[in-house]
Enquirer: 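Right, I'll just put the structure down here and ask away after.
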Amino acid sequence: MNYKQSAILGGLLALSMASASSLAAVSASEASRLGQDLTPFGSIKAGNAAGTIPAWTGGLTEPPEGYEGSGQHHIDPFPTDKVLFTINASNKDQYAEHLSNGVLAMFNTYPTTFRVPVYKSRRTHAVPDWVAKNIRENAINAELVGEGEGLKGAFGGYPFPILHGDNEHKAWQVIWNHLVRWRGVSVTRRSSEVAVQTDGDYSLVTSQQEVFFNFYNPEGSEDELDNIIFYYLSFTQSPPRLAGGAILIHETLNQIINPRNGWGYNAGQRRVRRAPNLGYDSPIAAAENLRTADDTDIFNGALDRYNWSYEGLKEIYIPYNNYRIGEKGTPYSEILGVSHLNPELTRWELHRVHVVEATLKEGARHIYHKRRFYVDEDSWNTVLVDQYDGRGELWRVTMGIAKNYYELPGVWNVLDVYHDLQARRYHVLGLDTEEPNTRIFTEDIPNKRYFSPASLRRRSVR
């Protein structure tokens, strides 16, 4: 038996042993609530008692007039909405019960500039019918593997639309819904990331990214996943010192059995090499170390270094339906403030969020000792994260600036923003308003050899 065969056999044995302790899925009777008192993706369909959060009535599934198709920068479907009120450092205590610790810390750190403009809440998330069908099937079939390391019985939709079990299992389920959330089948975009200095100066790192969400392959199945959630390919285009470099990721469903596979192409050396350290708290050079590997996409990767606890549903002001900040032609210099995004271009709304807390296990290593996640109840996007250092002090505040991509349809982040409160710097991913196109979604199913290490060098030097 060779090494590869041994590893595969070991993985299958581990899966078999771990599955024996997995928590059973919900009953068919309970799953029938989806589309009834629950939305097709598991959130509470009704609004809140105060009337400040509306009922879900189908979401946003049709683009506004003038929108021509995927790739066009979005037209704001709510152009007449006005700011209801603005939360700032002087009145934050009045709204504290609906603010995350991280947002409160932003007011304290930047009392004269940081503001939260609050708009009417609109529950715009939706999914295609075929995804909704998969979610219903997942509800009665999906199970966690072992200590939350992986899934079985799930494909093509949120695996756990109805949370069940103890607080630890519910926390794992929330995070897994985030990890495999609906974001289309295939997407291509050219965008920039920046690390903004304390004086507001920044330099763009521009790349083209291509992603195939294998978990949502409409021609695939769970049996054909081969332990891969998605394939990710990124080519750096500027600045000149980085241009020509590339990275390839095969994101695995169970990262304990098979950690994510990564390869990098160095244009200067013209060599493709394995990238074994793209996980946990490995620093990201392009972010000037303001983002860890598992900060990417707000959170990604294995759950094994933390103890997890579900803290329940809370009503929190979160960045939502942010169309102004993504309008074509808006200069990056207008979007990027000295210490944070320009508040005038942001939109915040009151929504219910799942709150999950992760505390570093004894003996485990990570730069974040504790993390607190705020996950949108409708889209399962993590939209806010509070991250604490080893002294227990709030260190970094992450924000997912979300909107509905009505061509999908579905809610996903426009920008991911990482604030370091101690260094007073921040990092932004996803800037594309100065580009001719925004994200281009298709249902094309690429040949998986397109995302192979063998093709990485050839494609990088085109």
Side-chain angles (χ1 to χ4, degrees), residues 60 73-78 81 83 86-87 99-100 102-103 105-107 110 113-125 178 181 183 187 189 191-196 202 209 287 290-291 295-300 316-328 330-351 353 373-387 396-406 408 410-420 426-435 438-439:
L60 178 62
H73 288 83
H74 290 91
I75 298 170
D76 188 349
F78 313 117
D81 283 6
V83 177
T86 298
I87 307 173
L99 296 171
S100 68
V103 170
M106 289 288 290
F107 288 123
Y110 308 112
T113 59
F114 183 71
R115 300 184 300 281
V116 168
V118 176
Y119 289 75
K120 175 182 179 179
S121 297
R122 294 183 178 275
R123 296 177 65 184
T124 53
H125 185 58
H178 161 84
R181 66 198 185 279
R183 289 171 285 176
V187 61
R189 73 173 180 181
S191 65
S192 296
E193 58 182 297
V194 297
V196 182
Y202 60 86
Q209 306 104 41
L290 293 171
R291 169 169 56 95
D295 275 331
T296 305
D297 204 24
I298 307 298
F299 178 77
N300 73 87
I316 298 289
Y317 291 112
I318 60 176
Y320 219 83
N321 292 313
N322 279 269
Y323 291 93
R324 286 189 63 200
I325 207 163
E327 286 182 352
K328 183 177 182 179
T330 304
Y332 299 154
S333 59
E334 186 177 333
I335 295 171
L336 302 169
V338 172
S339 304
H340 46 72
L341 299 180
N342 179 356
E344 299 301 320
L345 297 179
T346 64
R347 174 178 177 136
W348 294 67
E349 301 178 0
L350 188 67
H351 286 260
V353 297
F373 299 85
Y374 302 83
V375 183
D376 172 33
E377 72 157 337
D378 287 330
S379 67
W380 299 97
N381 276 279
T382 300
V383 288
L384 296 172
V385 189
D386 305 334
Q387 318 219 71
R396 291 178 173 173
V397 178
T398 304
M399 298 180 184
I401 312 299
K403 72 175 178 184
N404 177 293
Y405 288 77
Y406 31 70
L408 281 178
V411 167
W412 192 9
N413 295 343
V414 186
L415 300 172
D416 295 340
V417 190
Y418 306 83
H419 307 86
D420 188 321
Y426 73 109
H427 169 61
V428 182
L429 273 173
L431 293 162
D432 67 4
T433 55
E434 294 184 8
E435 297 291 338
T438 185
R439 304 176 199 192

Enquirer: Below 6.0 angstrom between ring centroids: does that apply to H74 and Y406?
Expert: yes

Enquirer: How close do D295 and Y418 get, counting heavy atoms only, and between which atoms?
Expert: O-OH, 2.9 Å

Enquirer: Please report the shortest heavy-atom distance between L290 and A195, naming the atom on each side.
Expert: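 Shortest heavy-atom separation between L290 and A195 comes out as CD1-CB, 4.1 Å.
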
Enquirer: Evaluate H427 against V196 for side-chain contact (heavy atoms from CB on, under 4.5 Å), listing each step before the verdict.
Expert: CA-CA 6 Å; H427 169 61; V196 182; over 6 Å; no

Enquirer: Cation-pi between R439 and W412: NZ/CZ under 6.0 Å from ring centre and within 45° of the ring axis?
Expert: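 Yes, R439 and W412 form such a contact.
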
Enquirer: Do NZ/NE/NH1/NH2 and the carboxylate oxygens of D432 and K328 come within less than 4.0 Å?
Expert: no

Enquirer: Does a salt bridge link R183 with D297, judged by any charged N lying under 4.0 Å from a carboxylate O?
Expert: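 Yes, R183 and D297 are salt-bridged.
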
Enquirer: Does the side chain of H351 pick up a donor-acceptor pair with the side chain of S121 at under 3.5 Å?
Expert: no

Enquirer: Is a salt bridge present between D386 and R396, judged by a nitrogen-to-oxygen distance below 4.0 Å?
Expert: no

Enquirer: Can you tell me which residue among L60, V414, D76 is in a side chain to side chain contact (heavy atoms under 4.5 Å, CB included) with K403?
Expert: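 When side chain to side chain contact (heavy atoms under 4.5 Å, CB included) is applied between K403 and each of L60, V414, D76, only V414 qualifies.
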
Enquirer: Measure from NZ or CZ of R122 to the centre of the six-membered ring of F78, then state whether that distance is under 6.0 Å and the direction lies within 45° of the axis.
Expert: yes

Enquirer: Do L336 and L341 pass the side-chain contact (heavy atoms from CB on, under 4.5 Å) test, and can you show the C-alpha distance, the side-chain angles, and the key distance before you say yes or no?
Expert: CA-CA 5 Å; L336 302 169; L341 299 180; 4.1 Å; yes

Enquirer: Run the salt bridge (Lys or Arg N to Asp or Glu O under 4.0 Å) test against E434 and tell me which residues pass, sequence neighbours left out.
Expert: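 Counting only residues at least two positions away or on another chain, E434 forms no salt bridge (Lys or Arg N to Asp or Glu O under 4.0 Å).
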
Enquirer: Ignoring hydrogens and geometry beyond distance, is a side-chain donor-acceptor pair present between H73 and T438 at under 3.5 Å?
Expert: no

Enquirer: Give a yes or no on whether the backbone of E344 and the side-chain of R324 come within a donor-acceptor separation of less than 3.5 Å.
Expert: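 Side chain of R324 to backbone of E344, a donor-acceptor pair under 3.5 Å: yes, one is there.
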
Enquirer: Hey, what do you get for CH2 (W348) to OH (Y317), rounding to the nearest 0.5 Å?
Expert: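 Rounded to the nearest 0.5 Å, the CH2-OH separation comes out at 12.0 Å.
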
Enquirer: Applying the side chain to side chain contact (heavy atoms under 4.5 Å, CB included) test to N404, which of V411, N322, D378 qualifies?
Expert: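 Of all the options given, the one that passes is V411.
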
Enquirer: Do I318 and E349 touch side chain to side chain, with heavy atoms closer than 4.5 Å?
Expert: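 With C-beta onward as the side chain, the pair stays apart.
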
Enquirer: Applying the side chain to side chain contact (heavy atoms under 4.5 Å, CB included) criterion to I325, which one of T346, T433, T330, L431 satisfies it?
Expert: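 With I325 as partner, T346, T433, T330, L431 yield a single side chain to side chain contact (heavy atoms under 4.5 Å, CB included), made by T346.
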
Enquirer: Flag the pair R123 and E377 as a salt bridge only when some basic side-chain nitrogen lies within less than 4.0 angstrom of an acidic carboxylate oxygen.
Expert: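 Here R123 pairs with E377 in a salt bridge, since their nearest N and O are under 4.0 Å apart.
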
Enquirer: Using a distance-only test with no angle check, is there a side-chain donor-acceptor pair under 3.5 angstrom linking N321 and T124?
Expert: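 Yes, T124 and N321 have a side-chain donor paired with an acceptor closer than 3.5 Å.
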
Enquirer: Establish, yes or no, whether a centroid distance under 6.0 Å links the rings of F299 and F373.
Expert: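 Yes.
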
Enquirer: Classify the side-chain pair E435/S191 by whether it contains a donor and acceptor separated by less than 3.5 Å.
Expert: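 There is no such pair between these side chains.
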
Enquirer: Determine whether I335 and L345 satisfy the following criterion, side-chain contact (heavy atoms from CB on, under 4.5 Å), listing intermediate values before the conclusion.
Expert: CA-CA 7 Å; I335 295 171; L345 297 179; 3.9 Å; yes

Enquirer: Do R291 and T296 have a side chain donor and acceptor closer than 3.5 Å?
Expert: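 Yes, because at least one side-chain N or O of R291 sits under 3.5 Å from a partner of the opposite role on T296.
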
